[in-house]
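Take a look at the structure set out below.
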Amino acid sequence: MKNIYSNILSFNKKNLSKTINFLKKGKVVGLPTETVYGLAGNAYSKKAIKKIYSLKKRPKKNPLIVHYLRFQEADKDVILNTNFFKLYKRFCPGPITFVLKKRKKSKIQSSVTAKLNTVAIRFPKHSTTRSILKKINFPLAMPSANLSTGISPVSAKDVSEEFKKNIKIIINGGNSKIGIESTVVSLTGRPKILRPGIIGAEIINKFLKISTSKNISKIRSPGMLKRHYSPGIPILLNQKKAPKNCALITFGGKYKDRVNHFNLSKKSDLKEAASNLYKTFRKIKKQKLKKIYVVKIPNQGPGIPINDRLKRAAH
Ligand code: TXA
Ligand code: MG
């Protein structure tokens, strides 16, 4: 019998054309990106989008991100503005998502945007997914390839364990380098960060003024849901130690290697810590430890999205 990982394919010419044929038929596939792995389908196909929502068990009101090769392709579907180009020039392709006004003539399925008049668009950097985007004439709706509210996958194996035989193709693109989801920035009015990511407000602020007003309740964004990114085990934050049979997630050189201790970055590198976060959650879950205790993580730079995800996972 084939094992559960037999849907993981290496990236070669044959598998590339197989993947493209699947996508053209409105089927969905698992693809690597530099942030996390995604569950990809034709954003113009009703069938594909329906499949994405049902596989993820995702609430219909949570819109999906649409992925393009370049701004020239996105221009058909959304109204690109000056603020967009300021950030596009500096950060794309890369781990940032822009919420923009949808064009009336756009062919994007209304289910992709949860019937909103805006679309979240992204230009992924991973070369595998870019070579697929080069060969198709439609954009890819691609949420993280995990069940709704769970942990985002950072390897092809993670995706396979999440959906088992329910998806037929997962392209292996190695471990996602960044390891947490893209920054989501709304550019329809005053620029606002809807989901923090590795590209932080501090650096975006060098190109345009980010509004820090807390009044974002009107913007629907499941990344803003209180409980999300959850490993399904109780999580306690700002801890110093953990009892027996529990995990302690640590950060920095002062923590020595010990049973059930998981160091996000021994050299206190917050970027490295971000890339290890979901990997560590999955490891702990597999070891069936009862609870997760987490030490205080500095709330600066990549520490901001780390603490955001930890807080939601703990909720
Ligand atoms: O890094 C990423 O962004 C990954 C990779 C696969 O590209 N994708 C990802 O997708 O994280 P997902 O579906 O897990 O998260 C999409 C986020 C959600 O927080 C959603 O609410 C927000 O984008 N979003 C999508 N469309 C939106 C819209 N029109 N307005 C506001 N937020 C939107
Ligand atoms: Mg997600």
Side-chain angles (χ1 to χ4, degrees), residues 35-36 56 58-59 61-62 65 95-97 99 120 143-144 146-154 158 176 178-186 192-204 210-243 246-252 255 261-265 268-285 289-315:
T35 56
V36 299
K56 275 185 67 84
R58 181 168 174 121
K61 63 177 198 304
N62 291 354
I65 298 174
I96 185 163
T97 294
V99 174
S144 53
N146 55 280
L147 296 170
S148 187
T149 76
I151 317 163
S152 294
V154 293
D158 292 348
S176 294
I178 291 170
I180 54 169
E181 308 80 0
S182 62
T183 306
V184 178
V185 49
S186 169
K192 204 168 280 180
I193 291 182
L194 304 184
R195 177 175 72 184
I198 225 72
I199 298 176
E202 221 169 281
I203 165 149
I204 294 177
I210 288 284
S211 160
T212 50
S213 134
K214 289 264 183 291
N215 185 23
I216 46 173
S217 57
K218 281 198 186 118
I219 302 168
R220 286 201 272 157
S221 204
M224 306 301 290
L225 285 181
K226 286 229 166 75
R227 194 175 74 81
H228 207 137
Y229 316 112
S230 163
I233 312 170
I235 299 187
L236 294 95
L237 305 179
N238 301 322
Q239 303 294 311
K240 291 206 166 80
K241 50 185 198 248
C246 295
L248 183 69
I249 295 185
T250 61
F251 173 79
Y255 294 95
H261 282 206
F262 302 83
N263 203 323
L264 293 179
S265 172
S268 301
D269 177 343
L270 286 165
K271 220 169 165 179
E272 179 181 59
S275 76
N276 282 327
L277 183 66
Y278 292 151
K279 235 192 291 187
T280 303
F281 275 171
R282 277 182 197 271
K283 234 190 255 171
I284 293 170
K285 205 176 170 180
L289 294 166
K290 295 238 157 41
K291 286 183 187 171
I292 304 176
Y293 289 67
V294 190
V295 304
K296 199 175 164 100
I297 309 286
N299 202 38
Q300 68 206 34
I304 293 169
I306 294 175
N307 282 312
D308 170 76
R309 306 307 191 269
L310 282 172
K311 238 185 260 161
R312 291 176 207 283
H315 196 80

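- The CZ atom of R309 sits 9.0 Å away from the CG atom of L277 when rounded to the nearest 0.5 Å.
- The two residues F281 and Y229 come nearest to each other via the heavy atoms CE1-O, 3.9 Å.
- For the atom pair CZ (R58) and CG (L147), the distance works out to 12.0 Å, reported to the nearest 0.5 Å.
- A side chain to side chain contact (heavy atoms under 4.5 Å, CB included) with I198 is found for exactly one of I178, I96, I203, T35, namely I178.
- Within the model, atoms OG of S144 and CG of D158 stand 11.5 Å from one another, a figure rounded to the nearest 0.5 Å.
- In this structure, the side chains of S152 and I180 stay at 4.5 Å or more apart for every pair of heavy atoms.
- Remark: S148 engages no residue in a side-chain hydrogen bond (donor to acceptor under 3.5 Å, both in side chains) (not counting sequence neighbours).
- Distance alone, capped at 3.5 Å, is enough to place a donor-acceptor pair between the R282 side chain and the I151 backbone.
- Residues that satisfy the side-chain contact (heavy atoms from CB on, under 4.5 Å) test with L237, not counting sequence neighbours, are I235, V294, L310, K311, A314.
- The distance from atom NZ of K291 to atom CD of Q239, rounded to the nearest 0.5 Å, is 10.0 Å.
- Contact between I304 and P196 at its shortest, heavy atoms only, is CG2-CB, 4.2 Å.
- Listed for the K56 side chain is a donor-acceptor partner under 3.5 Å among the backbone atoms of N146.
- Taking OG of S275 as the reference point, atom CD1 of I306 lies at 8.5 Å (rounded to 0.5 Å).
- With sequence neighbours excluded, the residues satisfying side-chain contact (heavy atoms from CB on, under 4.5 Å) with N263 are T250, Y255, K266.
- By the 4.5 Å heavy-atom criterion applied to side chains, V185 and I210 are counted as neighbours.
- Partners of T280 under the side-chain contact (heavy atoms from CB on, under 4.5 Å) rule, at least two apart in sequence or in another chain, are I249, F262, L264, N276, I284.
- Applying the salt bridge (Lys or Arg N to Asp or Glu O under 4.0 Å) test to every pair with at least one member in residues 268-278, sequence neighbours left out, gives no pairs at all.
- Here the closest non-hydrogen pair linking R312 and D308 is NH2-OD1, 2.7 Å.
- Here the shortest heavy-atom pairing between R195 and I65 reads NH2-CD1, 3.9 Å.
- Partners of S268 by side-chain contact (heavy atoms from CB on, under 4.5 Å), not counting sequence neighbours, listed by chain and number: F251.
- Summarising the geometry of A242 relative to A247, their closest heavy-atom pair is CB-O, 3.7 Å, with the distance given to 0.1 Å.
- For S176, there are no side-chain hydrogen bond (donor to acceptor under 3.5 Å, both in side chains) partners at least two apart in sequence or on another chain.
- With sequence neighbours left out, T97 forms a side-chain hydrogen bond (donor to acceptor under 3.5 Å, both in side chains) with S182.
- Residues G200 and I193 come closest through the heavy atom pair C-CD1, 4.4 Å.
- A side chain to side chain donor-acceptor pair (under 3.5 Å) check over residues 295-306, counting only residues at least two apart or in different chains, returns the pairs N299-N307.
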